[in-house]
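Take a look at the structure below.
Owing to the predicted nature of the structure, the values given are computational and were not obtained by experimental measurement. For ligands, and for the atoms within them, numbers begin at 1 and follow the listed sequence.
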Amino acid sequence: MKNITIAPSLLSANFYNLSDEISSLNKIFKDEKNLWLHLDIMDGHFVPNLTFGTPVLKKISNHCNMPLDAHFMVTNPFDYIEWFKDLNIHNFTFHIEATDDPIKLCLEIKKFYPSVGISVKPGTSLDFLTEELIKKIDLLLIMTVEPGFGGQGFIESTLDKISMVQKLKEKFNPSLNIQVDGGINNDTSKKVIKAGANNLVSGSYFFKTDSTMSKKYSSLIH
Ligand code: DX5
Ligand code: ZN
């Protein structure tokens, strides 16, 4: 069986009761170490939505046991590197559409964070992904919906992109995490894993459907 990590997306959690949501995740993490908490940071400019900032994330960081995975949907990712550096974030992902110099950005991020990721929107081609760049990153996030909102339907055409990245991974960076984000449930998870994804973000399926979190976790990795 493949080694799959699940990253529940806080965007779909109950914001009125975050402490219970984080405690439930911490309980699963005791037995299942392949669990990250995915944090969608939106600036209302790169995407037409706003989420949470450092005061909220500081509290979460203090109480969350699992690695924090920050997905920056922002126009100026460079400015966020220092700003967020004390939040104990494990992985810092920026959007390729938000920079002209991804190598410089990756090098700067790695000064402060253990892992750097690049995210690509459904309509953006993979031409940017040179051998030099793929060797510098720890994670490639293939958006399987348009970034900005939870609860959207999975875009099937992104499966080809996952397969393309899988081939590049084998050739240039075997330890690369291939992450997918958007419309991931117990059905689409099978398709993305088959195509090569090993790190699955799940928001509305994970937090808003019936059944327990641990059953949903298991349903996503199989
Ligand atoms: C969308 C965010 C996702 C979102 C996924 O821009 O990046 O992380 O929370 O939500 P679902 O799983 O509901 O599509
Ligand atoms: Zn996300």
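Close contacts between ligand 1 and Asp40 involve ligand atoms 2 (C), 3 (C), 4 (C), 7 (O), 8 (O), 9 (O) [criterion: under 4.0 Å to a heavy atom]. The atoms of ligand 1 that sit less than 4.0 Å from any heavy atom of Ser204 are 11 (P), 12 (O), 13 (O). The distance from ligand 1 to the heavy atoms of Ser9 drops below 4.0 Å at these ligand atoms: 4 (C), 8 (O), 9 (O). Atoms of ligand 1 lying under 4.0 Å from at least one heavy atom of Leu11, given by number and element, are 9 (O). Below 4.0 Å from some heavy atom of Gly150 lie the following atoms of ligand 1, by number and element: 10 (O), 13 (O). Near Val201, meaning under 4.0 Å from any of its heavy atoms, are these atoms of ligand 1: 8 (O). For ligand 1, the atoms lying closer than 4.0 Å to a non-hydrogen atom of Gly182 are 14 (O). Listed by number with element, the atoms of ligand 1 under 4.0 angstrom from any heavy atom of Ser202 are 12 (O).
The N/O atoms of Met143, backbone and side chain alike, include none that comes under 3.5 Å of an N/O atom in ligand 1.
Residue Val145 places every heavy atom at 4.0 Å or more from ligand 1. Residue Tyr205 places every heavy atom at 4.0 Å or more from ligand 1.
Ring-plane geometry between Phe72 and Phe92 is classed as parallel, the angle between the planes falling under 30 degrees on a 0 to 90 degree scale with a further cut at 60.
At the shortest separation from atom 5 (C) of ligand 1 among protein heavy atoms lies Asp181 OD1, 3.4 Å.
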